[in-house]
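Lettering of chains follows the sequences in order, A, B, ..., and the numbering in each one begins at 1. Please read these numbers as outputs of a predicted model, since none were measured by experiment.
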Protein chains: 2
Amino acid sequence: MANILERPLITITNIIWSFNQATQQIQVLLVKRAHDPFKNNWALPETFMRANESADHAALRLIKEKIGLTLAEFHTEQLATFTNQHRTTGERALSLAYMTFLPEMTPLQAGYGALDVRWFAFTPLEAAYQLSNQDCLFQTTTTTADEYYQDLPQTPSDQQLAFDHQWILTVACQRILNKLDYQPNILMILGPSFTLREARTIYAAFRKTSLTAIDNSNFKKTHQHLFLEAGTTSQLRVGRPARLYRLKPQN
Amino acid sequence: MANILERPLITITNIIWSFNQATQQIQVLLVKRAHDPFKNNWALPETFMRANESADHAALRLIKEKIGLTLAEFHTEQLATFTNQHRTTGERALSLAYMTFLPEMTPLQAGYGALDVRWFAFTPLEAAYQLSNQDCLFQTTTTTADEYYQDLPQTPSDQQLAFDHQWILTVACQRILNKLDYQPNILMILGPSFTLREARTIYAAFRKTSLTAIDNSNFKKTHQHLFLEAGTTSQLRVGRPARLYRLKPQN
DNA sequence: GCTAAAAAAGTAAAAAATACTTTTAATAAT
DNA sequence: ATTATTAAAAGTATTTTTTACTTTTTTAGC
């Protein structure tokens, strides 16, 4: 009986979000893979779960080892588990996907398994979203899960992320969008406190609209139940300094 | 390297919801375990994922084998994955939890691994929810995940569900509550079409309020963007027959 | 001090949610 | 058949929230 049970490898996939204060753009971390499969391809950071290691610990280790991040505090939450049998080419591996919201855009250092690590700018498209840097550009899909997995890329391509990472990213964006109105944890990428303008930037990106399409005055009224005033004001730009807010803790 | 990787057993746990038309109550399916650990205890239906089997297939097989259900169509969606190392006593097993919304309350038949299978009535409490039948009563928790897993029941008790199933059920209720306003898939337990009164019953239960606290006239206006008219009217009670509605399909 | 920029603060109109009443369509009793 | 009863649909006025827009405040730079 026991021999017919599946004991798959458990991949921890972590979508790491941050915010570039200089360009006011959302960033997603991608890794250039050092080993096959999908060697030389860009991918979401991944690691295999080890014996006697919790999934949370594995997600933490992933951030430290592969990317060289040493931040003390950041928020990680589970996204979903991806189990399609054709998502890997060789041995079966489930992907336990997490999202991490980094409170700052830290400098990166490629660790084991990575030829390169880069922040990619996250920007809205008409129907989807895209990740881009100077060299590459990737998009989220607009198809359904079934359609996507039917013709999964089995051979590496410069235009596509490794494995089913394009789909995982799509699910992540959908989740963030859904939670924008009742638990906007994505705002944690703005740091411990943020201005309403910064918050509106995030909302605008995921709702595929422009910053100016979201009225500051009305945004404040509609969302103040989610925020607490953080007292002091920032002084980064010309004009009247914005007040700072922080996320109201849950429960 | 490979030997230090974790290859855990994958448990598919399925929270099966349905609706008792006679009592107008929400039902959850529990199984009395035939084997250790937690032999003779009530638990959520579970099965191990097999080699070359998709998670979806395992969830389907679980419904057929353990419970004897032979319905043609039902909706299954992923809830979350539970990875705590202490959630099982023996060999490590991750729980890939799903929710199934059955369109009718079918008769049950205990299959392999089950001494008994029963529908439990799901009712709201002040702060939590409870499952009950003539003999037993279980509650969802009100603590956090960390607190819950710190003193997990390792020894069977008549008052508690097996493993961490009390916690899994709590997460399920929270998820359904969160999705009530934008994707109320739980309404699928009412069948292909439903009356507004039935829909209000579901909303009332998960919001821990009474049916009469949700005004029919206003409920219709506020939620019609989620529903489509299903034409015909039902004739089950005295009084003006209610119109039927169905869930508006996504996208 | 004056001007420009950017956010806060305020305000009136529009829209939506709520509480409540009336009408309609069925059953069951007379 | 007529009437009472039930329950839902439909309608309505009040309240509340959202939206679009205007004014004021607070800073930086000249």
Side-chain angles (χ1 to χ4, degrees), chain A residues 19-25 177 180-182 184 187 190-191 193-205 207-248, chain B residues 19 21-25 177 180-182 184 187 190-191 193-248:
Chain A
F19 190 71
N20 187 333
Q21 292 287 345
T23 64
Q24 295 281 300
Q25 279 185 317
L177 180 61
L180 233 37
D181 285 320
Y182 69 95
L187 296 182
L190 297 173
S193 62
F194 50 83
T195 66
L196 290 185
R197 166 180 276 263
E198 287 169 339
R200 280 161 54 218
T201 305
I202 310 283
Y203 276 75
R207 289 188 177 150
K208 300 181 192 120
T209 181
S210 69
L211 176 65
T212 49
I214 305 177
D215 184 281
N216 183 302
S217 181
N218 300 327
F219 181 82
K220 185 177 182 177
K221 289 176 218 160
T222 325
H223 294 81
Q224 61 186 357
H225 64 102
L226 296 168
F227 307 150
L228 291 173
E229 295 203 11
T232 37
T233 60
S234 79
Q235 245 145 288
L236 301 167
R237 303 158 157 266
V238 221
R240 178 171 175 170
R243 292 200 184 156
L244 292 175
Y245 297 83
R246 57 190 172 85
L247 271 182
K248 191 178 279 187
Chain B
F19 190 71
Q21 291 287 346
T23 63
Q24 294 280 300
Q25 278 185 316
L177 180 61
L180 234 37
D181 285 320
Y182 69 95
L187 296 182
L190 298 173
S193 63
F194 50 83
T195 67
L196 290 185
R197 165 181 276 262
E198 288 170 337
R200 280 161 56 218
T201 304
I202 310 284
Y203 276 75
F206 282 96
R207 289 188 176 148
K208 299 179 191 121
T209 182
S210 69
L211 176 65
T212 49
I214 305 178
D215 185 283
N216 183 304
S217 180
N218 299 327
F219 181 81
K220 185 177 182 177
K221 289 177 215 159
T222 325
H223 294 81
Q224 62 186 356
H225 67 283
L226 296 167
F227 306 150
L228 290 173
E229 297 203 10
T232 36
T233 61
S234 79
Q235 244 145 290
L236 301 168
R237 304 157 158 264
V238 223
R240 178 168 174 171
R243 294 205 182 151
L244 292 175
Y245 296 84
R246 57 191 172 84
L247 272 181
K248 192 178 277 187

Query raised in the report: What distance do B/R243 atom CZ and B/S193 atom OG have between them, rounded to the nearest 0.5 Å?
Result: 14.0 Å
Requested in this report: For the pair A/T209 (side chain) and A/A205 (backbone), establish whether a donor and an acceptor sit closer than 3.5 Å, ignoring hydrogens and angles.
Outcome: no
Query raised in the report: Once you round it to whole Å, what is the distance between P of D/dA10 and CD of B/Q224?
Result: 11 Å
Requested in this report: Please report the C-alpha distance between A/Y245 and A/Q224 in whole Å, then the side-chain angles of each, then the deciding distance to 0.1 Å, and finally whether the side chain to side chain contact (heavy atoms under 4.5 Å, CB included) criterion is met.
Outcome: CA-CA 9 Å; A/Y245 297 83; A/Q224 61 186 357; over 6 Å; no
Report summary line: Rounded to whole Å, CG of A/D215 lies from P of D/dC21 at a distance of 9 Å
**Report entry** Interatomic spacing from CD in B/Q24 to CG in B/L211 - rounded to 0.5 Å
**Finding:** 8.5 Å
Query raised in the report: Is the backbone N or O of A/I214 less than 3.5 Å from a side-chain atom of A/R200, with the two atoms forming a donor-acceptor pair by type?
Result: yes
Query raised in the report: Between atom CZ in A/F219 and atom P in C/dA9, what is the gap in whole Å?
Result: 16 Å
**Report entry** From A/L190 atom CG to A/R197 atom CZ, the distance as rounded to the nearest 0.5 Å
**Finding:** 13.0 Å
Report summary line: Residues of residues 207-214 of chain B with a heavy atom under 4.0 Å from any atom of DNA chain C, listed by number, are none
Requested in this report: Quickly work out the A/E198 CD to C/dA8 P distance and round it to whole Å.
Outcome: 11 Å
Query - Spatial distance of atom CG (A/L187) from atom CZ (A/F19) [nearest 0.5 Å] - result: 10.0 Å
Query - Interatomic distance where NE2 belongs to A/H223 and C1' belongs to C/dA7 [whole Å] - result: 18 Å
Query raised in the report: Does B/R197 place a side-chain N or O at less than 4.0 Å from the phosphate oxygens OP1/OP2 of D/dA7?
Result: no
Report task. Using a 4.0 Å cut-off on protein heavy atoms (strictly under), produce a 5'-to-3' string for nucleotides 12-18 of chain D with B for base contact, S for backbone-only sugar-phosphate contact, and - for none. Result -> B------
Requested in this report: Check whether any side-chain nitrogen or oxygen of A/R243 sits under 4.0 Å from OP1 or OP2 of C/dA8, and answer yes or no.
Outcome: no
**Report entry** Non-hydrogen atoms of B/L180 and B/Y203 that approach each other most closely
**Finding:** O-OH, 2.8 Å
Requested in this report: Please state whether the rings of B/F219 and B/F227 are parallel, tilted or perpendicular, taking 30° and 60° as the class boundaries.
Outcome: tilted
Each nucleotide N or O in nucleotides 22-24 of chain C that has a protein N or O under 3.5 Å away: list the pair and distance.
{"unit_1": "C/dT24", "atom_1": "O2", "unit_2": "B/R240", "atom_2": "NH1", "d": "3.3"}

Query raised in the report: Can you name the nearest heavy-atom pair linking A/L228 to A/K248, along with the distance?
Result: CD2-CE, 3.7 Å
Query raised in the report: Under 4.0 Å: is that the gap between some side-chain N or O of B/K220 and OP1 or OP2 of D/dA9?
Result: no
Report task. Looking only at side-chain atoms of B/N216, point me to the closest of D/dT27, D/dA9, C/dA7. Result -> D/dA9
Report task. Before accepting this row, confirm whether a basic side-chain N of the pair A/D215/A/K220 lies closer than 4.0 Å to the acidic partner's carboxylate O. Result -> no
